[in-house]
Amino acid sequence: MNKPHDAALPRTDPALAQWQREYDEQIGRDRPLANRSGVPIAPLYTAADWHPERESAAGLPGQPPYTRGIYATMHRGRTWTQRQLIGHGTPAEYNERLRAVLAAGADAISLIPCNSVFRGYDMDESYFELLGTCGTVVNSAQHMERALEGVDVAATSCAMNDPSPFTLLAFMLAVARKRGTDWRLITGTSNQSDYLSHYVANHMFFRIALPGARRILGDHIEFCNRHLPRWNPMSVVGQHMQQSGATPAEAVAFTLATAIQNAEDCIARGMQPDTFLPRFTFFFDISISFFEEVAKLRAARRIWARVARERLGAKDPRSWRFKFHGQTSGVDLTRQQPLNNIARVAVQAMAGIFGGLQSLHTDAYDEVLSVPGEAGARIAIATQNILREEARLTDVIDPLGGSHYVETLTDQMQAEIERVMGLVQDAGGMYKAVESGLVQGMLGESARRFQARIDSGEQSVVGVNAYQVEEDGNARAINARPDPATMQAHLDAFRAWKAARSQGDVQRALDALARSAGDTGDNVFGRVVEAAEAGCTHGEICATLRREFGFGHVQAFV
């Protein structure tokens with residue numbers, strides 16, 4: 001059994017003692033259980049583990065330490081934002097799919113670009129066969145204008161999956177200025193602004209060396225605070241860490257350590273915590289380990305409230321709020337029996353909802369095979385609608401609060417998260433921990449341990465190492481690639497546009513961008529925006545900064 005958390009209710013209670021005797025007799029040889037973070041799981045939790053008298057320590061919704069939620073009404077007053085990731089083919093095709101997703105119930109935009117964009121190149125520098133297979137090919141403000149045709153960016157929250165130097169946001173700002181839209185009205189998030197998580201876990205995203213990426217992020221935060229007061233320039237990403245092998249507790253620990261690093265970098269620039277922390281957001285993977293995920297998110301809120309107040313010196317309660325987006329974990333999805341993924345996603349989504357998220361992306365069941373098809377995307381959106389409106393998961397705030405198990409597990413997850421944060425702190429902070437390879441080594445070891453559990457059969461995965469069946473070959477049909485003729489027309493139009501634009505304007509903007517990289521008194525992201533408005537492409541902007549700051553080579557860690 002667990003170590004009691006409250007001596008006021010001793011385990012010498014006669015009824016509890018009788019249950020223990022009967023349990024021991026009936027169970028025979030009991031096998032020890034632990035969740036993915038290594039926290040031991042007992043067969044029963046009672047008030048001896050978490051006494052209701054401790055409820056005051058958990059606080060109430062909207063009140064520190066925010067264990068039960070960052071707003072007083074939570075989902076009963078305002079449900080989470082449905083922010084589905086979409087991206088495929090050309091900007092015109094993206095726009096068509098975007099309109100369909102919005103009509104199906106999504107209420108925010110999330111643009112996922114082509115892998116060529118993530119790698120920092122234009123479409124005419126990349127393999128044609130791969131263009132648009134994993135996201136939308138957006139290389140210029142002109143492309144962004146077509147992608148967002150018919151969308152009011154002042155009225156629709158937009159998430160740009162946009163690693164440093166944030167060209168997608170720059171293109172969107174260029175479109176907004178052309179339309180006469182006030183930048184101060186634009187809401188959304190730079191959804192891939194966390195360069196440290198990219199370096200650790202998303203190597204294709206990492207295209208500028210660590211010091212340069214650190215500089216650009218700081219400039220990006222300053223620029224957005226000054227010109228886009230409703231935009232969230234900092235999304236600290238735990239998702240990449242967890243999908244690369246981190247346990248849920250490690251993912252939260254590394255995320256919080258990254259937030260601390262970035263906040264202290266901003267403070268070192270002379271920025272006051274309460275001017276930027278309210279616009280810090282977080283992004284988490286939600287695995288199928290249901291109760292563990294709920295507890296990790298409750299614990300994360302509690303830790304951040306203390307860190308923001310005590311370590312970072314924030315005085316505004318808005319700075320203490322732990323706002324986060326959740327995405328159901330694609331790592332848990334299987335190519336075998338892919339329709340089972342619908343059930344997995346529903347469980348993951350419920351964990352995120354009970355954990356108190358602010359926005360949610362539900363994976364399509366076929367996302368493990370390819371870019372989601374139209375049917376899979378519809379089911380993913382319907383899953384959220386069903387959970388909200390049919391299952392009525394929004395009726396009660398923090399419905400698992402007060403559960404002896406959930407409250408005990410929240411405490412235990414907090415302890416494990418803080419232990420890992422201590423390791424990072426001892427290494428000199430997150431930047432140095434990543435630079436030295438400490439974080440990468442821990443991710444690799446955790447991934448190895450979990451895979452060993454699957455290989456041994458200790459962890460069952462339906463359709464993979466348990467309940468296997470002969471499958472119809474059509475069950476794994478992969479969605480068609482972008483139409484080659486359509487993509488070729490997009491490429492031809494791009495080349496023609498590049499040749500026809502003002503080469504003088506482009507070169508002057510790129511020269512100014514290069515000079516900015518060497519001038520710490522200038523704002524690099526401001527120059528990126530100017531370059532976007534001058535007609536510079538994504539690849540040209542990335543190449544210029546790569547020459548100035550160096551390429552983001554990734555070390556090999558054993």
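Position 1 is the first residue of the sequence; numbering continues from there. Side chains are part of it too, since the values below use all heavy atoms of this structure and drop only hydrogens, waters and symmetry mates.
A salt bridge does not link Arg527 with Asp219: none of the charged nitrogens is closer than 4.0 Å to a carboxylate oxygen. A salt bridge does not link Glu367 with Arg335: none of the charged nitrogens is closer than 4.0 Å to a carboxylate oxygen. Ionic pairing of Asp505 and Arg508 is present here: one or more N-O contacts between side-chain nitrogen and carboxylate oxygen are shorter than 4.0 angstrom. Salt bridge Arg449/Glu445: present, at least one basic N to carboxylate O contact under 4.0 Å. Salt-bridge formation is detected for the pair Glu145/Lys178: a Lys NZ or Arg NE/NH1/NH2 atom is positioned less than 4.0 Å from an Asp or Glu carboxylate oxygen. Salt bridge status for Arg36 with Asp285: absent, with no side-chain N to carboxylate O gap under 4.0 Å.
Relative to the six-membered ring of Trp497, Arg495 misses at least one condition, a distance below 6.0 Å or an angle of at most 45° to the axis. For the pair Arg215 and Phe549, the NZ or CZ position fails the cation-pi test of under 6.0 Å to the six-membered ring centre and within 45 degrees of the ring normal. Both the sub-6.0 Å distance and the 45° axial angle are not jointly satisfied by Arg279 relative to the ring of Trp231.
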Set out, in order, the CA-CA distance, both residues' side-chain angles and the distance that settles salt bridge (Lys or Arg N to Asp or Glu O under 4.0 Å) for Asp124 and Lys498, then state yes or no. CA-CA 11 Å; Asp124 57 354; Lys498 283 178 70 175; 2.9 Å; yes

Would Ser197 and Asn202 count as a side-chain hydrogen bond (donor to acceptor under 3.5 Å, both in side chains) if you check the C-alpha gap in whole Å, the side-chain angles of each, and the deciding distance to 0.1 Å? CA-CA 7 Å; Ser197 73; Asn202 276 14; over 6 Å; no

Chi angles and distances behind the side-chain contact (heavy atoms from CB on, under 4.5 Å) call for Val137, Tyr94: CA-CA 9 Å; Val137 182; Tyr94 169 83; over 6 Å; no

Residues Arg99, Glu93; criterion salt bridge (Lys or Arg N to Asp or Glu O under 4.0 Å); working and verdict: CA-CA 10 Å; Arg99 289 171 183 252; Glu93 290 170 316; over 6 Å; no

Would you sort out whether Thr255 and Val237 count as a side-chain contact (heavy atoms from CB on, under 4.5 Å), showing the intermediate values? CA-CA 6 Å; Thr255 302; Val237 184; over 6 Å; no

I'd like to know whether Gln261 forms a side-chain contact (heavy atoms from CB on, under 4.5 Å) with Asp265, so could you lay out the CA-CA distance, the side-chain angles of the two residues, the decisive distance to 0.1 Å, and finally the verdict. CA-CA 6 Å; Gln261 179 71 72; Asp265 284 354; 3.2 Å; yes

Under the side-chain contact (heavy atoms from CB on, under 4.5 Å) criterion, do Val345 and Leu333 qualify, and how do the steps go? CA-CA 8 Å; Val345 168; Leu333 307 187; 4.0 Å; yes

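Counted by atom type alone, Thr394 and His75 present zero donor-acceptor pairs between their side chains at under 3.5 Å. A donor-acceptor contact under 3.5 angstrom links the side chains of Ser359 and His325, judged on distance only. Judged by distance alone, the side chains of Gln384 and Thr362 do bring a donor and an acceptor atom under 3.5 Å apart. Gln337 and Asn340 form a side-chain donor-acceptor contact under 3.5 Å, judged by distance and modelled atom types alone. Checking Ser190 against His220 by side-chain atom types alone, a donor-acceptor pair falls below 3.5 Å. Defined by atom type and a distance below 3.5 Å, a donor-acceptor pair is missing between the side-chain atoms of His538 and Asp122. In this structure, a donor-acceptor pair under 3.5 Å is present between the side chains of Glu293 and Gln242.
The local environment of CD in Glu96 is sparse, with at most 12 non-hydrogen atoms from other residues, nucleotides or ligands closer than 6.0 Å. The neighbour count for Arg179 CZ, taken as heavy atoms of other residues, nucleotides or ligands under 6.0 Å away, is above 12. For Tyr127, the OH atom is loosely surrounded, since the number of other residues' heavy atoms within 6.0 Å does not exceed 12.
Tyr195 and Phe206 have their aromatic ring centers separated by at least 6.0 angstrom. Residues His143 and His490 bring their aromatic ring centres within 6.0 Å.
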